[in-house]
2 protein chains.
Amino acid sequence: MKRVSLKTIANELGVSSATVSLVLNGKNINGRVSNEMSKKILDKATELNYVPNTLAKGLKVGKSKSIGLIIADVSNLFFGALALHIQNYAHANGYTVLIGNTNENINEMEHMIKFLYARQVDGLIITPTENSQHLLNNLKKNNVPLVLVDRCFPDMEVNSVMINNYDISYQSTEELINKGCKNIAIVTYRQDHYHINERRNGAIDALKNSGINDENNVEEVSYHNLKDDITFSIEKLLKRNPKIDGIFFTTNSISINGVKALIKNKINIQKDIQIMCFDENDAFYILPYTVPFIKQPIKEIAKNAIELLIEQIESKSIDESKNIVLKAELVLNETRVHQ
Amino acid sequence: MKRVSLKTIANELGVSSATVSLVLNGKNINGRVSNEMSKKILDKATELNYVPNTLAKGLKVGKSKSIGLIIADVSNLFFGALALHIQNYAHANGYTVLIGNTNENINEMEHMIKFLYARQVDGLIITPTENSQHLLNNLKKNNVPLVLVDRCFPDMEVNSVMINNYDISYQSTEELINKGCKNIAIVTYRQDHYHINERRNGAIDALKNSGINDENNVEEVSYHNLKDDITFSIEKLLKRNPKIDGIFFTTNSISINGVKALIKNKINIQKDIQIMCFDENDAFYILPYTVPFIKQPIKEIAKNAIELLIEQIESKSIDESKNIVLKAELVLNETRVHQ
DNA sequence: CTGAAAGCGCTTACAG
DNA sequence: CTGAAAGCGCTTACAG
């Protein structure tokens, strides 16, 4: 694959590569280069099908025009969609995205940071794994432009884009209460993530305020063994308290696997037990009954994260960090509820 | 973000950067550098937390150690999973993946090729859009290492990794016939993709060989307006031939939307109408009945694509192209069928 | 055993 | 109006 460089064009036209660079980058201000030469260069560039070497440019100007995206689990639909939208917004701004996957493993996260750093990314968007504060602090210390998405550490001064986890969980649980549920369970991860805890706390506070909170109705499952664990948890929950008539699932994967487990146990969902799920899933539209869920504004999250990151990259000023909170939406599918 | 370069290490130790480069790259053969200096350099590198600049190296050696992945539709679960696995295999081999999305649009595909070319990718993995042969021929002419996945143009000499579309579709349709279906419909895209046509042909040949083929039972839907179109198509199909007792869906997205449309029409799936889907979907495990589907070996596809591409990149020899065909699996979930 | 030099493809002051 | 030169961070023949 023979590449055409600036020099090729310069040589063919008998000018210097500096001149060609200037013209091709539109930096030919105040008649720096004559109009005819300018036209000649432009024509020659299209004739030879010139494509600039972004790497060389990056080396010279110290910016790679690429960003790193470190995602916890690419096989998760939510993260997949997020990654897609981040790519689209990045491309629209002339940036490339390099994606890395951590599988919620902190060593993988450290490795990915190094990998991306070696590739000169101009900044990072990260969904941090548990206990990764020291890695983030290290980035901060080195002034690496950084935005956390989906998750954050509230005691750290880092830019972040989050949703209103507490509020939306409070509202969703209230919705279950309004539907008449008296024994509402919460199924969540056994993990110390701020955003997950917020969801749990929002739900619990809603229950408390209605005077129906029961600590025994909180069930924790493990992330790495979710599929088996959740069936076990659901069965335990139902055995311990057969009066359970509502369940709030705190995440995407817990929701879908929780629904599977309920069906396996021949529970008549939305009749015996009302549920409330996190994130949309194709499966919900296929079930013979309707499933209410919390819809995250994924596109908006992506848009804000990219904007926040590029802002940091392109203005040197390291002002105080911004924490953007977007509102999630409660989708009840009411029209189908009462059919 | 102050970067540590080879020169930093060289200066601190009073040696040349050439020496440092040699040692750090493990190219210190036959005692080129003394053991003590070697150790000093290694120690200093870890002390200063040296991370090599992959871009500079790429510029020098003419290889970026990155590959481009051009996907038709990242929001499609199948492609999402494929992208994930390709990333994993690429990383394991020291390569970065830059992903681009075409939305099945040929102009986007052309743009992405240019975008990735400017970023000096060493090769491309592509799921080509319709009528993109000229773009691929152009790449071939320039000796760009290239592998097509999921789709191909059988009359072009290009490397590809495919599944046995014809055979698996034939088998799947036979399965419907074996279950007693006499009026089997095929729902497929109105598109000229070889792999989709193979699926349709496999199904039709199975019907012909059983003497129950009826051309009126083939329904074509449009890609860009799938959700509306499919409901319309299903209704048309059922009206035209109320005896339909089996449907073969030729893709992932047609399957999931087809199932939705059937449910919307109060069809009792697997009782009134048996179905056969392409690709796995969470939703299938949630339905009160079982759904048989064709499972593609996504990991294997990814693995073979990466291996084929890296082989081309690293050996200059441009031998004839390889066309790998992997076997898909028919998942019947038999244990649940008869419950 | 080790260093000086050239060069990958670009951009950007500087000098005319 | 335009060119020569330096340099981004590397690697690789070449010379000693």
Side-chain angles (χ1 to χ4, degrees), chain A residues 1-42 44-45 48-66 94 117-122, chain B residues 1-42 44-45 48-66 94 117-122:
Chain A
M1 152 160 57
K2 189 80 158 303
R3 289 194 157 267
V4 176
S5 72
L6 278 187
K7 210 157 63 175
T8 321
I9 298 176
N11 287 345
E12 295 219 6
L13 258 33
V15 296
S16 80
S17 56
T19 306
V20 179
S21 170
L22 249 23
V23 172
L24 259 29
N25 285 298
K27 293 194 178 165
N28 179 25
I29 22 169
N30 56 38
R32 175 86 167 68
V33 182
S34 69
N35 277 343
E36 25 178 359
M37 181 49 80
S38 200
K39 185 162 178 351
K40 267 193 193 169
I41 290 172
L42 258 8
K44 187 54 98 177
L48 298 179
N49 210 356
Y50 171 72
V51 178
N53 184 328
T54 316
L55 268 46
K57 177 170 182 171
L59 180 59
K60 176 63 191 166
V61 302
K63 297 270 178 202
S64 67
K65 280 281 185 177
S66 68
Y117 183 69
R119 273 149 188 84
Q120 314 297 112
V121 293
D122 295 333
Chain B
M1 153 156 60
K2 189 80 160 300
R3 290 197 156 264
V4 177
S5 72
L6 277 187
K7 209 157 64 174
T8 321
I9 299 177
N11 286 346
E12 294 219 6
L13 258 34
V15 296
S16 79
S17 57
T19 306
V20 179
S21 169
L22 250 24
V23 171
L24 258 30
N25 284 298
K27 294 198 176 160
N28 178 24
I29 21 168
N30 58 37
R32 176 85 168 67
V33 183
S34 71
N35 278 343
E36 24 178 0
M37 182 49 79
S38 199
K39 185 164 178 347
K40 268 194 194 168
I41 290 172
L42 259 7
K44 188 53 96 180
L48 297 180
N49 210 358
Y50 171 71
V51 178
N53 183 329
T54 316
L55 268 46
K57 178 171 180 170
L59 180 60
K60 176 63 192 164
V61 303
K63 297 270 178 203
S64 67
K65 280 279 184 180
S66 69
Y117 182 70
R119 273 148 188 86
Q120 315 297 115
V121 294
D122 296 333

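Values below: every heavy atom of this structure, side chains too, minus hydrogens, waters and symmetry copies.
Taking atom CG of residue N53(B) and atom P of nucleotide dC8(C), one finds them 18 Å apart after rounding to whole Å. dG7(C) atom C1' lies 15 Å from atom CG of L6(A), rounded to whole Å. Between the P atom of dC8(D) and the CD atom of Q120(A) lies a distance of 14 Å, rounded to the nearest Å. One atom, NZ of K65(B), and another, P of dG9(D), lie 22 Å apart when rounded to the nearest Å. For the pair L22(B) CG and dA4(C) P, the interatomic distance rounds to 15 Å; values are reported in whole Å. Between N11(B) atom CG and dA4(C) atom P the separation is 11 Å, expressed in whole Å. When the C1' atom of dT11(D) is taken as reference, atom CG of L24(B) falls 13 Å away, rounded to whole Å. Put simply, NZ on K27(A) is 14 Å from P on dC10(C), counting in whole angstrom units.
Here N25(B) reaches the OP1 or OP2 of dT11(D): one of its side-chain N or O atoms lies under 4.0 Å away. Between dC10(D) and Y50(B), a contact under 4.0 Å exists linking OP1 or OP2 to a side-chain N or O. Applying the 4.0 Å criterion to OP1 and OP2 of dT11(C), one finds that S21(A) has a side-chain N or O inside that range. Distances shown here put a side-chain N or O of K57(A) below 4.0 Å from the OP1 or OP2 atom of dT11(C).
Taking a pair to require two hydrogen-bonding distances under 3.5 Å in either a Watson-Crick or a G-U wobble arrangement, dG3(C) pairs with dC14(D).
Of the candidates dT12(D), dC10(D), dA4(D), the closest approach to any side-chain atom of A18(A) belongs to dA4(D). Considering only side-chain atoms of S34(A), the nucleotide from dC1(D), dG9(C), dC1(C) that sits closest is dC1(D). Of all nucleotides listed (dC8(D), dC10(C), dG3(C)), dC10(C) comes nearest to the side chain of S5(A). Of the candidates dT11(D), dC8(D), dC8(C), the closest approach to any side-chain atom of L59(B) belongs to dC8(C).
At least one side-chain heavy atom of L48(A) sits under 4.5 Å from a side-chain heavy atom of E12(A).
Closest-nucleotide positions on DNA chain C for K60(B) and G14(B) were compared, and the one nearer the 5' end corresponds to G14(B).
Side chain of S17(B) to main chain of K7(B): no donor-acceptor pair is present (N/O by atom type, distance under 3.5 Å, no hydrogens or angles).
Minimum heavy-atom separation, V51(B) to R3(B): O-NH1, 4.2 Å. Here the closest heavy-atom approach between residue A10(B) and residue S16(B) is recorded as CB-C, 3.8 Å.
With Y50(A) as the partner, the side-chain contact (heavy atoms from CB on, under 4.5 Å) test is satisfied by one option alone out of I41(A), L24(A), T8(A), L42(A): L24(A).
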